[in-house]
Peer 1: 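Pasting a structure below so you can have a look.
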Amino acid sequence: MTRLLSMKRRHFLQASAAATLVGAAPGLLSSRALAQAALTVGFVYVGPKDDYGYNQAHAEGAAAVRALPGVTVVEEENVPETVDVQKTMESMINLDGATLLFPTSFGYFDPHMLAMAAKYPDIQFRHCGGMWQEGKHPANTGSYFGYIFQGQYLNGIAAGHATKSKKIGFVAAKPIPQVLQNINAFLLGARAVDPTITCQVIFTGEWSLAVKEAEATNALVDQGADVITCHVDSPKVVVETAAGRGAFVCGYHANQSPLAPEKYLTGAEWAWGNVYGDFVKKAQAGEKLGNFVRGGLKDGFVKMSALGPGVSEAGRKAFEAAHAEMMKGGFSVFKGPLKDNKGNTVVTADKSYAEDAIELESMNYLVEGVVGSTA
């Protein structure tokens with residue numbers, strides 16, 4: 001039944017729906033206007049909602065929105081980053097009456113979400129992670145993201161206390177700024193414990209590619225890494241493979257502790273329920289939605305998994321102290337002097353990046369001590 005609904009949604013004839021809306025009687029339009037408080041919100045996912053990762057984190061946020069009064073949530077999973085997502089969004093608008101859409105995957109933004117936003121200027125679209133620019137992108141679009149590199153820094157502190165080999169590993173999808181932030185922050189957190197620790201990174205080239213993720217994890221362990229984390233859509237394969245090889249793991253996106261209860265140190269998780277809830281409440285109140293929304297741990301955009309049994313008492317104290325400083329605000333993960341892994345100075349001694357520094361949105365380097373390449 002779900003598959004049938006999906007096929008209907010993606011192959012809905014837009015012309016028929018458009019004609020229905022244009023020809024609607026004044027009374028119907030008035031009813032719709034009166035019912036705006038009963039907001040319908042659409043969520044689109046590139047993978048399954050139970051992937052223990054990126055899509056599950058967003059689905060958990062959607063579940064929190066569903067619990068709000070006057071809100072109807074429509075969702076579709078496993079929608080590729082092709083014209084299919086345009087068909088999905090269009091049918092959510094025309095079939096379900098959605099007036100606020102969250103197409104969550106990286107590749108949905110350009111051209112797909114932008115095309116739909118131009119076609120439906122009265123509908124609000126918000127994308128996870130995209131770089132919205134005033135004057136360039138439609139006013140009914142925007143982006144939201146969180147400073148989850150703060151969580152990866154805390155992961156690094158836990159890893160720094162757990163590693164025996166002084167080698168930690170990172171399985172990454174693509175070398176885009178948000179991924180590079182996480183790799184760098186993971187090592188910087190570990191080096192706050194021991195400056196001799198190094199981090200090996202392997203890029204798979206895809207957001208979801210289980211075979212390569214398993215191969216990369218095994219390769220990292222073979223090279224001596226005894227704590228592994230990642231930035232891929234579903235960390236499930238990485239977590240289970242690393243734990244199966246005897247390595248500790250730090251999670252990402254959602255809580256993966258059930259997958260490796262003895263080897264899971266902690267994890268950087270999204271708290272999308274807070275972010276989506278704020279968007280929805282503003283929409284219901286008729287308030288303007290933000291076009292470029294960012295926040296970190298102290299803002300409730302990000303949270304940490306509970307510490308696992310593999311975290312030592314010293315590791316626990318260091319983790320909790322750093323976490324407390326971040327919750328106060330003003331904690332700088334990226335501060336000088338800082339060199340990249342090619343020996344170039346990227347942050348001078350007198351400089352530190354604030355959480356919302358625009359430089360972070362365009363990071364294109366790996367820090368000194370990361371073994372790997374962005375090429």
Peer 1: How about NZ on Lys281, more than 12 heavy atoms from neighbouring residues, nucleotides or ligands closer than 6.0 Å, or not?
Peer 2: no
Peer 1: Can a donor-acceptor pair be found, under 3.5 Å and without considering hydrogens, that links the side chain of Thr345 to the backbone of Thr348?
Peer 2: no
Peer 1: Are Ile148 and Tyr252 side-chain neighbours, meaning at least one heavy-atom pair lies under 4.5 Å?
Peer 2: yes
Peer 1: Which distance, rounded to the nearest 0.5 Å, do you find between the SG of Cys199 and the CG of Leu187?
Peer 2: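 If I round to the nearest 0.5 Å, the distance is 5.5 Å.
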Peer 1: Classify the ring geometry between Phe43 and Tyr276 as parallel (under 30°), tilted (30 to 60°) or perpendicular (over 60°).
Peer 2: perpendicular
Peer 1: Which heavy atom of Cys230 sits nearest a heavy atom of Pro235, and at what distance?
Peer 2: SG-CB, 3.4 Å
Peer 1: If we ignore hydrogens and angles and just use 3.5 Å, is the side chain of Asn184 paired with the main-chain N or O of Leu180 as donor and acceptor?
Peer 2: yes
Peer 1: Give the minimum heavy-atom separation between Thr266 and Ala158, together with the two atoms involved.
Peer 2: CG2-CB, 4.0 Å
Peer 1: Could you check whether Glu215 and Asn218, counting side-chain N and O atoms only, form a donor-acceptor pair closer than 3.5 Å?
Peer 2: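 Glu215 and Asn218 do not have a side-chain donor-acceptor pair below 3.5 Å.
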Peer 1: For Lys174, does the NZ atom sit with more than 12 other heavy atoms under 6.0 Å from it, leaving out its own atoms?
Peer 2: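 It does: Lys174 NZ has more than 12 such atoms within range.
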Peer 1: Please indicate whether Gln133 has more than 12 foreign heavy atoms, meaning atoms of other residues, nucleotides or ligands, lying under 6.0 Å from its CD.
Peer 2: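 Above 12, so yes.
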Peer 1: With distance as the sole test, does Gln150 use its side chain to make a donor-acceptor pair with the main-chain N or O of Gly296 at under 3.5 Å?
Peer 2: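 Looks like no, no N/O pair under 3.5 Å.
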Peer 1: Between Gln256 and Tyr264 (side chain of the first, backbone of the second, donor and acceptor by atom type, cut-off under 3.5 Å), is there such a pair?
Peer 2: no
Peer 1: Can a salt bridge be assigned to the pair Asp299 and Arg294 using a cut-off of 4.0 Å between side-chain N and carboxylate O?
Peer 2: no
Peer 1: Tell me whether the centres of the aromatic rings in Phe186 and His231 are closer together than 6.0 Å.
Peer 2: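 Phe186 vs His231: aromatic centres not under 6.0 Å.
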Peer 1: Drop me the distance from Thr72's OG1 to Arg66's CZ, to the nearest 0.5 angstrom.
Peer 2: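 If I round to the nearest 0.5 Å, the distance is 9.5 Å.
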Peer 1: Please say which of Tyr54, Phe145, Phe301, Tyr147 ends up in a ring pair (Phe, Tyr, Trp, His ring centres under 6.0 Å) with Trp270.
Peer 2: Phe145
Peer 1: Examine distances only and state if a side-chain atom of Gln181 and a backbone atom of Leu360 form a donor-acceptor pair shorter than 3.5 Å.
Peer 2: yes
Peer 1: Work out which heavy atom in Ala172 is nearest to a heavy atom in Val179; give both atom names and the distance.
Peer 2: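 Reported closest heavy-atom pair: CB-CG1, 3.7 Å.
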Peer 1: In this structure, are over 12 heavy atoms from other groups packed under 6.0 Å from Phe106 atom CZ?
Peer 2: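 Result for CZ/Phe106: open.
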Peer 1: To check you understand the geometry: which heavy-atom pair defines the closest contact between Ala247 and Val221, and what is its length?
Peer 2: CB-CG2, 4.3 Å
Peer 1: Is any side-chain heavy atom of Thr217 less than 4.5 Å from a side-chain heavy atom of Val237?
Peer 2: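 When only atoms from C-beta onward are counted, Val237 and Thr217 do not touch, as no gap falls below 4.5 Å.
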Peer 1: Check for me whether the distance between the ring centres of Tyr144 and Trp132 falls short of 6.0 Å.
Peer 2: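 No, ring centres 6.0 Å or more apart.
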Peer 1: Do Tyr120 and Glu90 meet the criterion of a side-chain donor-acceptor pair at a distance under 3.5 Å?
Peer 2: yes
Peer 1: If you measure from CD on Glu269 to NE2 on His253, what distance do you get to the nearest 0.5 Å?
Peer 2: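 Reported to 0.5 Å precision, the distance equals 11.5 Å.
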Peer 1: For the residue pair Phe109 and His127, does the interplanar ring angle fall in the parallel (under 30°), tilted (30 to 60°) or perpendicular (over 60°) class?
Peer 2: tilted
Peer 1: Compare every heavy atom of Val232 with every heavy atom of Ala173, then report the nearest pair and how far apart it is.
Peer 2: N-CG1, 4.0 Å
Peer 1: Would you name the heavy atoms of Thr141 and Ala117 that are closest together and state the gap between them?
Peer 2: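 Closest approach of Thr141 to Ala117: CG2-CB, 3.1 Å.
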Peer 1: Salt bridge check: are Lys49 and Glu75 linked by an N-O gap of less than 4.0 Å?
Peer 2: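 Looking at Glu75 together with Lys49, the answer is yes, because their closest N to O distance falls below 4.0 Å.
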Peer 1: Assess the side chains of Asp51 and Tyr45: does a donor N or O sit below 3.5 Å from an acceptor N or O?
Peer 2: no
